[in-house]
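Note that the structure is a prediction, hence the values are computed from the model and not measured. Below, chains carry the letters A, B, ... as their sequence lines are ordered, and counting in each starts from 1.
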Protein chains: 2
Amino acid sequence: MSAASTPESNGTPTRREQLLAIAAELFAEKGFRNTTVRDIADAAGILSGSLYHHFDSKESMVDELLVPFQEELFGKYDEILASGDDARTKLERAVRVSFEAIDQHPHEVAIFQNDADHLGTFERFGYLADRNTQSRQVWVTLIEEGVRTGVLRPDLDVTLTYRFIRDTVWVAVRWYRPGRGLSHTAVADQYVRILLDGISNA
Amino acid sequence: MSAASTPESNGTPTRREQLLAIAAELFAEKGFRNTTVRDIADAAGILSGSLYHHFDSKESMVDELLVPFQEELFGKYDEILASGDDARTKLERAVRVSFEAIDQHPHEVAIFQNDADHLGTFERFGYLADRNTQSRQVWVTLIEEGVRTGVLRPDLDVTLTYRFIRDTVWVAVRWYRPGRGLSHTAVADQYVRILLDGISNA
DNA sequence: GTCTATAGCAGGATAGAC
DNA sequence: GTCTATCCTGCTATAGAC
């Protein structure tokens, strides 16, 4: 038995997965609230009522997109935190893992960036706030370790630096398009360079 | 006669301006589409129909918020471009002017950040795309001048650097709250420092 | 300048036929 | 698994009284 949201092992997505992929694209492009169930149904070539054979509600759809994505991402962060790498390497790896997420799950990242605040007002999506806290802990831990071990400037405002890194990384989902222009690794290279060394010709 | 969206010289805002301020806060907080005219009317203590005595439509309200804000902001950018400062100073000034805008017009900035894409799909808001282009020209001009005059690293990817600066600056509207915590000048100080010199303890 | 009342439409969701 | 048909709600906007 396979998880409902993971493609079957033979590579053929289930109908449910197809519909979810269509919904993800629309949610990411137009926003959750601005996407109607009729939009999703139209894009899938069926009528809106038929969607409810597969999903309880529009909310269930976005829920099913976000949960497995976040499990995967935070699993990778945990791996980095648990590794024996030095602070600078850990920070670099965390940035690269994030750009990889933008590359591999652009829709899920966009939905989280654009709609987490709004969705978070519903009990059902309370876990979004938890993930937010967890994310903050990851970055702050890495920055503090960097300052402590001397690889980062001792005068850094940790909270502000955390926000700076978080925002610079995730906001890239607004313009990055997988398969077009620079690869996610190339973008990550440049971002890490600017973040660590700045743009000044020192 | 005073401009419709500027407070009267005696400091007492007109009713129209009061309503606009209420709408701005709600648009910024919940998004344009997610804010109903009833929300605005409720917050103003009147009924939704009464709003239409003051404004043609919900779109007119957001239009009246964005246009004068952008005129002011781009006027300042033009001033910087036309100044005789060196490239590094110009770039710093542009960053500082942007943080000042976040401080003084947080709602307008938030609306532009969150809803420009959606609003831009209507003819009436075609000027939003023009402003976007104009903004890009400002930053790219400054970065290119910086590279040319040797104050910025010669190996910078100009487009990527432009996106980096634009995003890092404006995304701060998501967490910066005027009058709470660091001042906008203090935040700008740190951002400029990270942007130019990085976070590494070189 | 605000209220009453309501038109007109679009949205999420449901029941049951096929 | 999809369609037909429809309910109910909430939204923008309007007309005219006060």
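Here the C1' atom of nucleotide D/dT12 and the CG atom of B/L26 are 16 Å apart, to the nearest Å. In this structure, CG of A/L20 is placed 15 Å from P of D/dG1, rounded to the nearest angstrom. Rounded to an integer number of Å, the gap from CD1 of B/I40 to P of C/dT2 is 14 Å. Going from atom CD1 of A/I46 over to atom C1' of D/dG1 covers 8 Å, rounded to whole Å. Distance CG (B/N34) to P (C/dG12): 12 Å, rounded to an integer number of Å. What separates CG of B/L19 from P of C/dG1 is a distance of 10 Å, to the nearest Å.
Checking C/dA13, C/dG11, D/dC11 against the side-chain heavy atoms of A/T36 singles out C/dG11 as nearest.
Classification of the B/Y127-B/F125 ring pair by plane angle, with boundaries at 30° and 60°, yields tilted. Ring pair B/Y77/B/W139 is perpendicular by interplanar angle, where above 60° counts as perpendicular and below 30° as parallel. Ring geometry, A/Y191 versus A/F99: the interplanar angle exceeds 60°, so the pair is classed perpendicular (tilted spans 30 to 60°).
Taking 4.0 angstrom as the limit, B/R38 places a side-chain polar atom (N or O) nearer than this to OP1 or OP2 of D/dC11. Not one side-chain nitrogen or oxygen of A/R33 sits closer than 4.0 Å to the OP1 or OP2 atom of C/dG11.
Here A/L47 lies in heavy-atom contact (under 4.0 Å) with a base.
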Between side-chain atoms of residues 34-41 of chain A and protein atoms elsewhere (two or more places apart, or another chain), which donor-acceptor pairs fall under 3.5 Å?
residue, atom, partner, partner atom, Å
A/N34, OD1, B/R33, NE, 2.8
A/N34, OD1, B/R33, NH1, 3.2
A/N34, ND2, A/K30, O, 3.4
A/T35, OG1, A/L26, O, 3.2
A/T35, OG1, A/G31, O, 2.7
A/T36, OG1, A/R38, N, 3.3
A/T36, OG1, A/D39, N, 2.9
A/T36, OG1, A/D39, OD1, 3.4
A/T36, OG1, A/D39, OD2, 3.3
A/D39, OD2, A/K30, NZ, 3.1
A/D39, OD2, A/T36, N, 3.0

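In this structure, B/D117 places its CG atom where only 12 or fewer heavy-atom neighbours from other residues, nucleotides or ligands lie under 6.0 Å away.
With hydrogens and angles left out, the side-chain atoms of B/R193 and B/Q190 include no donor and acceptor closer than 3.5 Å.
Scanning residues 49-60 of chain B for heavy-atom distances under 4.0 Å to DNA chain C yields B/S50, B/H53, B/H54.
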